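Only a predicted model underlies this, so the values are computations on that prediction, with no experimental measurement involved. Every number for a ligand or one of its atoms is a count from 1 in the order of the listing. Index from 1, following the sequence.
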Amino acid sequence: MCGVLGAYSGKDYVAEEIYLGLSALQHRGQESAGVAWINGDRRINVIKGMGLVHEALDQGRLANVKAKAAIGHVRYSTAGGSHEQNAQPICANYAQGPVAIAHNGNLTNFKILREELESRGAIFQSTSDTEAILQLLAHQPKRTPLDALRRALAGVTGAYSLVVLMEEGLVAARDPWGFRPLSIGRRGDNYYVASESCAFNLLGATFVRDIEPGEVLLINERGLSSYKIPIETSRKCLCSFEYVYLARPDSVIEGRSVYRARQEMGRRLARGEGGERCVLTDGVADADFVASMPDSGTTAALGYAEESRLPYEAAVVRNRYVGRTFIQPTQRVRELGVRIKLSPSPDLFRDRSAILVDDSIVRGTTAGLVVSMIRECKTRGIHLRISSPPVRYPCFYGIDTPSKGDLVAARCTIKEIAESVGADSLFYLSREDMVKSIGIPDNRLCTACFDGNYLEETDESESRRMVKRIFEQV
Ligand code: AMP
Ligand code: SF4
């Protein structure tokens, strides 16, 4: 997960804008937040801390910071633990000056990178894979920072959307497969780079374009300069789960509105063609209304209601004052978390039959608990509809899905899942319908957590060769 944001302006005020923009990216990470900037005396400055943006950062202090360029990060740990030393941006001073970096994604060859760097004397201060990119820069002391970054990224595999501050300016880079989104916005002479375009709406900026997969973009007083990461790739892999769950519905990724994609997933789910399914007790045809697991299932539920001509009712209420349940470390706390967060309205469910829409089932905790709470309301029927295919494989590219053994759809048949969550029927959206709803060609999307079709791994010796090439002729 994680959200990154960068701002460049001819004037001296962008640090506070990072604070504001990070609030719009808060859904991408709630563990820690940070802002870094470089000021006139070439010193790098950073404020970071644990918790939500307003807990981790002091807005008043940032409002007084004079900086023409700044970057920020909200973190949800997927690689490296949830500790303060893993909070980002990560900053350093090396032979070519100060540098700060913030990263969304997971590097798949981190182990090899770390071994190769340590064998050359590198000392790692955190367990986060992002530090490897910084170390790769430091090991090319004679190259300009931008050149060193481009070469470093040619030795890295996996997912990264990066914002980097260096003396040359603000740099944004996206891995050649394009796993995680990253786009540019503009307000007058100010440029912004953000994980999601919803941050531009808050900053009064307009969306310019996505950073291309494999692009390194430099923003400074000369404007925008685009470079390529010198690496060839056979396919693109934009994360389909961004459209299913992760991104905010008011964001547009690669030209497709996340809201519209989710709405279409709901419509196709209502048509009920092709997805995996199981009916334990009949009565789907008698459903009185459509409800959702708020907020994750709501947009798809609206599409479902429209297509099925049933009313949508906000029958499950979300407590706005508690955070996400998924990040709770133990199963017991996670279960209590769901009860605190989601409450069905007894009046709406009593003696009625409902279609309940959610975006995904991962461990099965949320669906099981909410269905059992709805049963306590003496419902007539509860039909669970999931606006994505079963999640059967873990993600190695920056989404916190658990190991295969914890994924309920990897262990159980659809019938067993329906029985264990207590639903009268359970329908999933088909992979084909999910891809069509997203509206981006199949060969540009990653769907690995649904179908196990991972990007072909670079074998270890080739990966080591790629890393060693970075150090040649340094
Ligand atoms: P579970 O209870 O484990 O089945 O979790 C499913 C719920 O968590 C769904 O309502 C999703 O909206 C949400 N969810 C799915 N994937 C993630 C993720 N990687 N991080 C946080 N929440 C998630
Ligand atoms: Fe996204 Fe799933 Fe691919 Fe991970 S495996 S990048 S969550 S589609």
Sidechain-backbone polar pair: S296 side chain, Y245 backbone, donor-acceptor under 3.5 Å: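 Here the side-chain-to-backbone pair does not exist.
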Backbone of S437 reached by a side-chain donor or acceptor of R256 within 3.5 Å: yes
Taking the six-membered ring of Y160 as reference, does the cationic atom of R180 (NZ for Lys, CZ for Arg) lie under 6.0 Å from its centre and within 45° of its axis?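 Relative to the ring axis of Y160, which defines the angle, R180 lies outside at least one limit.
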What atoms of ligand 1 come within less than 4.0 Å of a heavy atom belonging to [X]?
{"X": "D358", "answer": "9 (C), 10 (O)"}
{"X": "R363", "answer": "1 (P), 3 (O), 4 (O)"}
{"X": "S296", "answer": "10 (O), 12 (O)"}
{"X": "D359", "answer": "9 (C), 10 (O), 11 (C), 12 (O)"}
{"X": "D400", "answer": "19 (N)"}
{"X": "F241", "answer": "16 (N)"}
{"X": "Y76", "answer": "20 (N), 21 (C)"}

List the steps, then state whether side-chain contact (heavy atoms from CB on, under 4.5 Å) holds for L356 with R385. CA-CA 6 Å; L356 179 66; R385 299 291 175 269; over 6 Å; no
Hey, is [X] close enough to [Y] for a salt bridge, meaning N to O under 4.0 Å?
{"X": "R464", "Y": "E116", "result": "yes"}
{"X": "R248", "Y": "E196", "result": "no"}
{"X": "R375", "Y": "D424", "result": "yes"}

Count of N, O or S atoms belonging to protein, less than 2.8 Å from atom 1 (Fe) of ligand 2: 1
Below 3.5 angstrom, do we get any N/O pair linking G364 and ligand 1?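 Yes - when backbone and side-chain N and O of G364 are compared with those of ligand 1, one distance drops under 3.5 Å.
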Would you check the N or O atoms of I399, main chain and side chain alike, for any that come under 3.5 Å of an N or O of ligand 1?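 Between I399 and ligand 1 (N or O atoms, distance only) the closest approach is not under 3.5 Å.
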Would you call S360 a ligand 1 contact, heavy-atom distance under 4.0 Å? yes
Part of T365 with heavy atoms under 4.0 Å of ligand 1, whether side chain, backbone, both or neither: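 Answer for T365: both.
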Contacts of R380 that satisfy salt bridge (Lys or Arg N to Asp or Glu O under 4.0 Å) - sequence neighbours left out: D288
Partner of F289 by ring-ring contact (aromatic ring centres under 6.0 Å, His included), out of F349, Y312, Y304: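 Among the candidates, only F349 passes.
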Just say parallel, tilted or perpendicular for the rings of Y192 and F200, cut-offs at 30° and 60°.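 It falls in the tilted class, 30° to 60°.
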Check whether any side-chain heavy atom of E212 lies under 4.5 Å from a side-chain heavy atom of S226, and answer yes or no. no
For atom CD of E456, decide whether the heavy atoms of other residues, nucleotides or ligands shown that lie under 6.0 angstrom number more than 12.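 No.
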Which residue holds the protein heavy atom closest to atom 6 (S) of ligand 2, what is that atom called, and what is the gap in Å? R180 NH2, 3.3 Å
